[in-house]
Each structure stands twice: as C-alpha cells, then as structure tokens.
Amino acid sequence: MGKKSLCLVISCALLAYFVYTPLPDNIEQPWKLMMTWAAMRVHIHLSAFLDILGFPRFVLFRLLEVPPTSDAKVTVTDTLFNKVPVRVFEPKPKSSTMRRAVFYIHGGGGAMGNATWIPYDYLGRQMVDKLDAVVISTNYRLSPQYHFPTQFEDVYDSLRWFLRKKVLAEYGVDPTRICIAGDSAGGNLAAAVTQQLLDDPEVKIKVKIQSLIYPALQALDMNLPSCQENAHMPILRRYELVEFWSSYFTSDKALKEAMLANQHTPVESSHLFQFVNWSTLLPQRFQKGHLYTNPIHGPSDLAKKYPGFLDVRASPLLASDSKLQGLPLTHILTCQYDVLRDDGLMYASRLRAAGVQVVHEHVEDWFHGILIFSRDFRVGQRELIKYLRWLEENL
Ligand SMILES: *[C@@H]1O[C@H](CO)[C@@H](O)[C@H](O)[C@H]1NC(C)=O
Ligand SMILES: *[C@@H]1O[C@H](CO)[C@@H](O)[C@H](O)[C@H]1NC(C)=O
C-alpha cells in the first residue's frame, strides 16, 4: 500500500470515528442524524476557533438567517416592539373576525438563535398556515455580550408592547386567544415572562396558553437523571448545557466550573432545593437506576456575585406554589434523550399539584431540539404536525 492510500484509509477511519455516534435503538434516520450532529460539532469547534481569532461568536450561523419574505399566504415584516427586534407573520387574506396569536421565543441557549433563522421563519409560516394566527417571533440580546436579566427584559419589553389593546387591535388579534410559546432557552423565557405577567398590574390581558417546548427551567441541579443519562447525546450535551447556563449569568469561568461539579448553590439557599427535588417531582419511571442524594453546597461568594441563577426569572421552577396557581393552560413537550427532559417533567408535576391544567407530550424517540428538525427529519415533521393540531384545537 502506497503512502497516499494509507493516508486515505487513516483519514476515512478518523472521519468515521468522528461521525459515528452510538444512538438508542428507536431512533429513525440514524445516519442522517449522525451526519447532522457531526456538522454541528464541527461548527462548535470552528466557532470556538473563530472566537479565539476575535470574530463574533457563532458568526457562521449568519448563514441561517433569511430576509422577511412575504408570499401568497403570509405577510412577513421585521419591526421593533419597544426597541426589541421582532419578526411578524400575518395571514394574508383579510379577516372580518379577530385572529388568535402566538408570541414565540426562539431557543439557542441564550447565546445564539434568531427569529430570522430558517427553522424559526419556517415555524412562523407554518403557524400562520395551519392556525390562521398572527405570529410574533421576538428576538433578544444574547450572551456572552449580554447577561441575564437582559434576555428576560428584552422579551418582556416586547411582550408588554404587544399585549396592549391598541396594538392587538392593529394586528386584528383576539385578546382572549393568545399563546406564549418558546423552545429550549425560549421555553425558559416563555415560562418566566408568563409568571411575571401574573404580578404586573399594568397588563390587563390574560394569556390563554403557555407552551413550553423542551424548556430549561432551573439552574440549580445539573445532575438530574436526564442530565446523567443524556450527558453525551446529540444535540445538547451536559457540558454545553452548563456552558450556556453559566454564560447566561457571567463570563467568569468559576461559575462554569462550579456548575460542572454541581456545587454552585450556597447553603443559605438550600430551601430552594425542594423545588428541584427529583425524588419527589419526577414520575417513578424516570427515576429508575438513579439514587437521590442531597445536594452538595457551594461557596456563598458565587451566588453573591451572580445571584441570577437563583432568580425565578431565570429558573422558573423556583416559583412558589401560590405563584404557580395563577398560570394558564400549559402545554409542555419533553424528549426522552434530552438533558432538559426532567426540567419539563418536574414543572409539569409542580403545576399539576398547584391545580394548573397541564397537557404533557413526551416524545420517546428523539433528542433535544426536535422542532428545529421538522423540515429535515420525519420525526420532527410528525411532532410539528401534532403540535400545530393541538394549538389549532386549544388556542
Ligand atoms: C438577528 O438577525 C438580524 C438580521 O439578520 C440581525 O440584524 C440581528 O443582529 C440578529 N440578532 C441577534 C440578537 O443576534
Ligand atoms: C428530597 O426529597 C426526599 C424524599 O422526599 C427527601 O428525603 C429529601 O430530604 C429532599 N431533599 C431536599 C433537598 O429537599
């Protein structure tokens, strides 16, 4: 064998080693997923490299942005709601009756994502098409340039702008049929702003539905059974989850290290652990193979410097029962092979215990981020159709 063919064989072996990811048996289109995941990992490494060279983080993701393009069915406009950029999708045909509305918050770990990204643009159009709804897809400033509470405040500012009689009338929206929805970090923000509305004397509108799609809901326990089981699963590994969470609050690596060790919550805040206690909040089948141990506390200085991770606006699972009682009909989607699975499951338990009506959809055969795969994977398409049908019937 010549040197060239030896190089080729070695390169192929290395490539195969990089691409091959062991996946659970019930995953459809496994090779397509492995290739997609490998491409995402290349992108993560490239981003880190570009970052070192001084380019903006995730600069390659700009390729995912699409301009606001109207067509026969949908009018798409980029505008500002209280200085926050939003993309608005409106059904084209004039309607004599008022329409329902979805206020949507994209995901991306609070560090990336944009309402202009192809998957979110697609989702907005699908909602218009299947629900005849007005869709507001909001942006918000991202980490590491901006830390909490900027993300929360941007979303809340744009939501409050929208939830005024005058603005709703302008868009022809029925104030009794509004849903706040978001996926992943957007699901976190959706849960947080929906809670905040309950205490806001200036907002008179009652939201009909909150829809939390594989949401992140707490930053206290990074060793939930779902974190342990899915630490290395596509498309969100435990390491990146912790990285997103810590950089949501600070660029100080000390918080990341403490979160990776799951020793970041000080003893003074130990009462908060009852709200993320998976031995009481997680249904039995998800506890299998795990033994609950009481948490190990971290130093007080981290929580003093970066109190955000103990803030209910960042960790909506930390809300009191009396607060939860006021929440609207809640739709929660969780995925089996997702580090964030147990966040959603525990919130569902807490809401039900507080008397909130909860509709929980658990996807047994996929990972984090299923809806952003709805254009490329059959499972994603299946779940999107199911989701839109549910909204069609309930909003
Ligand atoms: C989202 O995309 C728009 C248009 O492509 C860009 O101007 C804006 O800076 C992006 N927003 C964030 C928060 O990155
Ligand atoms: C979690 O729940 C278990 C079982 O009810 C209990 O023994 C444990 O003390 C709780 N831990 C915390 C930190 O709330």
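Both ligands and their constituent atoms are indexed starting at 1 by order of listing.
Classification of the F309-F249 ring pair by plane angle, with boundaries at 30° and 60°, yields perpendicular. Classification of the H290-W278 ring pair by plane angle, with boundaries at 30° and 60°, yields perpendicular. Using bins of under 30°, 30° to 60° and over 60° for the plane-to-plane angle, the ring pair Y120/Y104 lands in the tilted bin.
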For side chain to side chain contact (heavy atoms under 4.5 Å, CB included), just list the numbers for H362 and F286, CA-CA rounded to whole Å, side-chain angles, deciding distance to a tenth of an Å, and then say yes or no.
CA-CA 12 Å; H362 185 65; F286 297 101; 3.7 Å; yes
Determine, stepwise, if the pair D338 / W366 fulfils side chain to side chain contact (heavy atoms under 4.5 Å, CB included).
CA-CA 8 Å; D338 181 356; W366 203 255; over 6 Å; no
Working for salt bridge (Lys or Arg N to Asp or Glu O under 4.0 Å), residues R100 and D174
CA-CA 6 Å; R100 47 193 157 188; D174 180 345; over 6 Å; no
Before giving the answer on salt bridge (Lys or Arg N to Asp or Glu O under 4.0 Å), spell out for E90 and R99 the whole-Å C-alpha distance, their side-chain angles and the decisive distance to 0.1 Å.
CA-CA 10 Å; E90 293 170 90; R99 289 184 157 112; over 6 Å; no
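Considering backbone and side-chain atoms alike, R141 places every N or O at 3.5 Å or more from each N or O of ligand 1.
Of the protein's heavy atoms, at least one falls inside 4.0 Å of atom 14 (O) of ligand 1.
In summary, the atoms of ligand 2 found under 4.0 Å from a heavy atom of F273, numbered by their order in the structure, are 13 (C). Ligand-side atoms of ligand 1 in range of Y140: 13 (C), range being under 4.0 angstrom from any heavy atom.
In terms of protein heavy-atom proximity, atom 10 (C) of ligand 1 is nearest to N114 ND2, 2.4 Å. With respect to atom 9 (O) of ligand 2, the closest heavy atom belonging to the protein is N294 OD1, 3.8 Å. In terms of protein heavy atoms, atom 4 (C) of ligand 1 is closest to E65 OE1, 3.9 Å. Considering only non-hydrogen protein atoms, atom 5 (O) of ligand 2 sits nearest to T280 CG2, 3.2 Å. Shortest contact from atom 7 (O) of ligand 1 to any protein heavy atom: R62 NH2, 4.3 Å. Among protein heavy atoms, atom 6 (C) of ligand 2 sits closest to N277 ND2, 4.2 Å. When only non-hydrogen protein atoms are considered, atom 3 (C) of ligand 2 lies nearest to S279 OG, 3.2 Å.
One distance of note links NZ of K208 with CD1 of I180; it measures 14.0 Å at 0.5 Å rounding.
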